[in-house]
Amino acid sequence: FTLYADLHVLAPEDKTVMKHSFPVQMMKGKERMRSIVTIQGFKVTIPGEYTLKLYARENSKAKFEEVSKSYLMVQFAIK
């Protein structure tokens with residue numbers, strides 16, 4: 001079956017700096033899936049902790065639910 005996913009990247013001030021929607025093909029009988037997502041780029045506005053939130057839904061009429069949250073620490077290095 002197919003799930004529909006949205007990936008949101010939030011800057012440290014909770015402003016959304018990127019959204020990406022994509023389908024996820026689930027194997028029959030499986031409840032979990034591992035995959036690697038390649039993010040082509042998003043706007044880094046300030047140093048700090050950026051939040052990556054993954055939302056999923058089973059069909060186009062269902063409501064998206066948050067299924068995962070990860071963090072990315074960004075620091076600026078000036079030489």
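What's counted below: heavy atoms across the whole structure, side chains too, no hydrogens, waters or symmetry copies.
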Donor-acceptor pairs are to be reported for all side-chain atoms of residues 41-53 against protein atoms at under 3.5 Å, with residues two or more places apart or in another chain.
residue	atom	partner	partner atom	Å
Tyr50	OH	Thr45	N	3.0
Tyr50	OH	Ile46	N	3.1
Tyr50	OH	Ile46	O	2.6

Flag if over 12 foreign heavy atoms under 6.0 Å of CD, Glu13
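Enclosed.
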In terms of heavy-atom contacts, does CD of Glu58 have more than 12 from other residues, nucleotides or ligands at under 6.0 Å?
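No, because the 6.0 Å sphere around CD of Glu58 holds 12 heavy atoms or fewer from other groups.
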Please list every donor-acceptor pair under 3.5 Å in which a side-chain atom of residues 68-75 meets a protein atom from a residue at least two apart or in another chain.
none

Other members of the hydrophobic cluster containing Phe64, with the 4.5 Å side-chain heavy-atom rule, please.
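Noted: Phe64 shares its cluster with Tyr55.
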From Leu10 CG over to Lys19 NZ, what is the distance, rounded to the nearest 0.5 angstrom?
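Result: 10.0 Å between the selected atoms.
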Give, for atom CG of Leu7 and atom CE of Met18, the distance between the pair rounded to the nearest 0.5 Å.
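These two atoms lie 4.5 Å from each other.
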What residue pairs, at least two apart or across chains, pass ring-ring contact (aromatic ring centres under 6.0 Å, His included) with a residue in residues 10-34?
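Checked against ring-ring contact (aromatic ring centres under 6.0 Å, His included) - neighbours excluded - the pairs reaching residues 10-34 are His20-Phe22.
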Can you name the nearest heavy-atom pair linking Asn59 to Arg57, along with the distance?
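The pair with the smallest heavy-atom distance is O-CD, 3.3 Å.
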Please list, chain by chain and in numerical order, all residues satisfying side chain to side chain donor-acceptor pair (under 3.5 Å) with Thr2, sequence neighbours excluded.
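Partners of Thr2 by the side chain to side chain donor-acceptor pair (under 3.5 Å) criterion, ordered by chain and then number, come out as Gln25.
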Could you pull out all residues at least two apart from Ala56 that satisfy side chain to side chain contact (heavy atoms under 4.5 Å, CB included)?
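Here the qualifying residues are Val67.
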